[in-house]
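Here is the structure we will look at.
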Amino acid sequence: MPTLSSASSKTSARRGRTAPELVFGDLWPFDPAPETADPKLKARYDLFIDGKFVAPKSGKYFDSINPANERKLARIALAGPSDVDAACRAARRAFEKVWGPMPGRERAKYLFRIARLLQDRAREFAVAETLDGGKPIKESRDFDVPMTAAHFFYHAGWADKLEYVAPGRQVAPLGVVAQVIPWNFPLLMLAWKIAPALAMGNCVVLKPAETTSITCLKLAEIFQDAGLPPGVVNFVTGAGETGAALMSHPIPAKIAFTGSTAVGKTILRALAGTDKRMTMELGGKAANIVFDDAPLDQAVEGIVNGIFFNQGHVCCAGSRLLVHEPVTEAVLARLKHRIRQLKVGDPLDKNTDIGAINSREQLKKIRTLVASGVREGATLYQPDGILPAKGFYFRPTLFSEVTMSHRIAREEIFGPVLSILTFRTVDEAIEKANNTAFGLSAGVWTDKGSRILKMSTELKAGVVWANTYNKFDPASPFGGYKESGFGREGGRQGLLDYVILKP
Amino acid sequence: MNAGQSASFRRLFDEIGPVDSVGIEERVAKYATRSIKKGAKLWGLYRAVSMLDLTTLEGKDTPGKIASLCQKALRPLDDPNVPSVAAVCVYPAMVRHAKKHVGGTAVKVASVAMAFPSGQTPLKTRLAEVKAAVAAGADEIDMVINRGAFLAGEFAEVRDEIAAVVEECGSAALKVILEVSELETYDNIRAASFLAMETIRAGDFIKTSTGKTSLNATLGNNQVMIEAIRDFYLDTGIAIGMKPAGGIRTAKQALQFLIAVKETLGDEWLTNKRYRFGASSLLNDLLRQIEKEKSGAYQAPYYFSDAAESY
Amino acid sequence: MNRLPITKTPKIYVGGAFIRSESARVFPIRDAAGNFLANIPQCSRKDLRNAVEAAAKAGPGWAKRTAYNRGQILYRLAEMLEARAGEMSGAILMGNGAATPSSPSGPRRRRRGSLGASQEVAAAVDRLIYYAGWADKYEQVLGNVNPVAAPYFNFTVTEPMGVVGVLAPEDSPLLALVSLLAPVIVSGNTVVALASGSQPYPAIVFGEMLATSDLPGGVVNLLTGFRQELLPTFATHAHVRAIVAVANPAERKALALGAAESVKRTRLLKTEEPFDWAAEAAQGLYAIRDTLESKTTWHPIGA
């Protein structure tokens, strides 16, 4: 019986002929298939405070560029402390006068309306998201934008059901919440933050990442169209200083942050001794564990989804592949075939699988860590292919023969780089998977049901994907163990982070 | 199932590994998001025409119908760039009629056999049918496996039957129909693919369906089968062909199947020596899309001969 | 001639054993009249480290016990406490006067609240019974099956965080300690607790009850000593995954600063806000939740 063994090439060699190879050549190349919908960008984006677009008091703006070609997209307002203060005050007014007293059933309808209006303009937003952040149009179109709408829909339904949020207790909103989000999923992270906050009756001041502010401010247009009362959501744009001003402002009762563990710790230190509530969604170095009895092709697909989705700019990326030794070669061979099919290039091309790295800085960081992998003796594999001359691109990269002491097995790379390690036993897999200060997510691939439940129990991670990877849903709580942060986003669990329990 | 059968059943499934159905469907959904434009689209459409087994398998088939089918197969469109199809696929009784029209051309005559579609007659009868079809000039035989034996774990019986047909085929190519809808699971489809492949010869095919059941070729079962072909090839060096049949009616679908081939098996399977479509109405949609690509204008269905749509 | 009674040497309870501080330091407790009663171990950072090791070692086994079994053990603990209520009342009364850095010269006569010693013991027993009952139920209230929009079975369960540091307040030396401990261990966490600095003796006696309650060694580790000395280590020890404490503003800031370094979870009650440990409101499901993680698992539904 022919088997799909790891030893296929050896078997063939034994039979005295060269190993059969598949030919992935240029017989049928795809022609460019650019998405042409108009993103309807403005040349300049102001702050969104108290329901209006306002210029920053300093008059300062910064450029937002398209990482795919380094061309300027728009100028973005730089919010200073007085702008942040105005936003916080507007939020407090809205909370005290409008949003707090408003019945939940009315709040629900605003959230519903926001979701509908976003669906109406879905393609426009997808193109804007891709231009601003570099992610493939396929993903912004099929994932980011619809999932953003889904979060607003899901939470709309909670707004008038607060008595079911915490069984046995009455809950109340916190007031004003300050939220800071990263650049990897600008719209989606915004929805994860804003939708539960608003549903529970809070008002929001949010700062998007400085490289990806545009879709946030486009969403403000939708808030206006939806008639969302002024001040309920306010957007202040800028970099770290703007974020710091927002975090330290006395009005917000809660800080919700998604970003790197290093910045998360800085925030935690800065807010030590205050009564501000916090949720932190930080970094990860997830193990994706493949056992010998796994459905291998689906596992390979899951590995690809796990590390190459959104150029690997995913905090829960399956960046450490742990493969059961008997199938290591089989998995690696399939993985190499598979990543040769991934198209790297113009994010606006509908066939692009891996788009642009979000920024020059991030590209530099990825290159540095990849160089360390090579230096430390791991084996690198990258498929051929021509990358665009302008813009920030990085090939899908596999590192095999990685051990737990390699830097690329310990540090979050946040790029399309997979480190492949092996294991022999279940216990060893668990040990290696948990041998990290992170604990955001994990994957496990096996055909054996009881082993899945065992692994799921033992893996110290907030999300465990069994025989799948990188799946998200508004009903599914997301968040980490250990230094990957605390608090959950999504599901009933996520709501508890936006309320106080009444005494 | 006796102990030996049980052991071989388990051994086969263990050796080839499982398939996760949700994962497979997510994989193939990505083919549907590929956007094939301009030159690439035209190439794909021409290539799909060349891979067609233009089929008629009806009780009401007559020599006249076969003549018309063959004419269309040889010259689908009044355009020298449009190739002839790969084969016409007919019942054994129609083989000699088809042969009259396409004999000596590039278009092959394929015949279903083995008590198509159920396979429920004595083996002797079925083999006689194969013999007759080959004698009448069939270049290719499409047989259907014994699903009852497969589902009962009687793998040896399944294999022996295929081997007997191989014997009868002589130089005719064999296409082994798994009848995927009756196998139900992707695991079964993968297992049956291996059972067939280890018995047939390089250049023979495995095929999804008879087209006579509710569910026929899908991107999902196509994917499971081409992955099996890939694995078998990488292990043995024996290249088996693939034929999805039934249910592929639009050019868009056909292109998605071809993208699956391109990304799973590579360039060497993008030829009618190794990949076929079993279809009938697909041809006119391919032609319609070819004309659209060339002229830029959407085409009315009745511009094309033998169109089912007359409105 | 009167017989000289044998007094019990107070020891800390770590890893299921009664030991002295590795530092060999003690501080005296005195009765209300100022008479010497006993020397209490003055634990060091190393004692705390050792206790965390013991708690970490006990953790996986404790978490793997069935919820039913953890409940049974908490019920058993309540039985032990009830059966030795007299002894514990005596300990509460007797220990009411330790030398602490805040009152280095000795006896303090203040009794907390209006609760008498025997009432405090009774309330502590009831609290254990309350949390014992939650052992096999909190999951049913806090967990979910989530209806995701794809062919996946998706469920959220809770899991213990691991080693939890507990800093008990000065008052209600038994009831507050039990109220802070019980919701932490019921879910499978293990604890390193620092007893009331001014009234440590009830915790010493409680350790003896833990030892006879079927609670595996190391699940609860009880230290005595000075808060100022140990608090920074509680805050910064990276293996301590959560802190549950009653603390003043400066202590809360120190705990939060230390916790930041390892993204430790904190449940910080305020010393400056009066808290009635005997009240119904001093117990609840959400105290259990404060030392739980939520884990969400996805699996495809296919054939």
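Bear in mind the structure is a predicted one, so any value in this text is a computation, not a measurement. Each chain gets a letter, A, B and so on, in the order its sequence line appears, and its residues count up from 1. Side chains are part of it too, since the values below use all heavy atoms of this structure and drop only hydrogens, waters and symmetry mates.
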Under 4.5 Å from any heavy atom of chain C, what part of Phe478(A) do you find: side chain, backbone, both or neither? neither
Out of Ala461(A), Ala272(A), Gly168(A), which one racks up the most heavy-atom pairs below 4.5 Å with chain C? Ala272(A)
Option in Lys482(A), Met280(A), Glu458(A) with maximal non-hydrogen atom pairs under 4.5 Å from chain C: Lys482(A)
Among Arg241(C), Met161(C), Lys264(C), which residue forms the greatest number of heavy-atom pairs with chain A at distances under 4.5 Å? Arg241(C)
Tell me, for Leu255(C) versus chain A, whether the close heavy atoms (under 4.5 Å) come from the side chain, the backbone, both or neither. neither
Heavy-atom proximity to chain A below 4.5 Å, by part of Ala281(C): neither
Chain C heavy atoms under 4.5 Å from Ala270(A): which part of the residue, side chain, backbone, both or neither? neither
Atom group of Leu271(A) that falls short of 4.5 Å from chain C, counting heavy atoms: neither
Return the orientation label for the Tyr130(C) and Trp134(C) ring planes: parallel under 30°, perpendicular over 60°, tilted otherwise. perpendicular
With a 4.5 angstrom heavy-atom cut-off, could you sort out which part of Arg488(A) is near chain C: side chain, backbone, both or neither? side chain
So which part of Thr156(C) gets closer than 4.5 Å to some heavy atom of chain A, the side chain, the backbone, both or neither? side chain
When Tyr469(A), Trp465(A), Tyr481(A) are compared by non-hydrogen pairs under 4.5 Å with chain C, the top option: Tyr481(A)
Under 4.5 Å from a heavy atom of chain C, the part of Ile452(A) involved: side chain
Among Arg227(C), Lys270(C), Gln228(C), which residue meets the side-chain hydrogen bond (donor to acceptor under 3.5 Å, both in side chains) test with Glu251(C)? Arg227(C)
Is the charged tip of Arg451(A) near the ring of Phe291(A): under 6.0 Å from the six-membered ring centre and within 45° of its axis? yes
What's the separation between atom CE in Met147(A) and atom CH2 in Trp192(A), rounded to the nearest 0.5 Å? 8.5 Å
Heavy-atom pairs under 4.5 Å with chain C, option from Gly439(A), Gly273(A), Ser476(A) with the top count: Ser476(A)
Checking heavy atoms, do the side chain of Pro147(C), its backbone, both or neither come under 4.5 Å from chain A? both
Interface residue of largest heavy-atom contact number with chain C, from Thr457(A), Leu268(A), Asp473(A), Thr261(A), under 4.5 Å: Asp473(A)
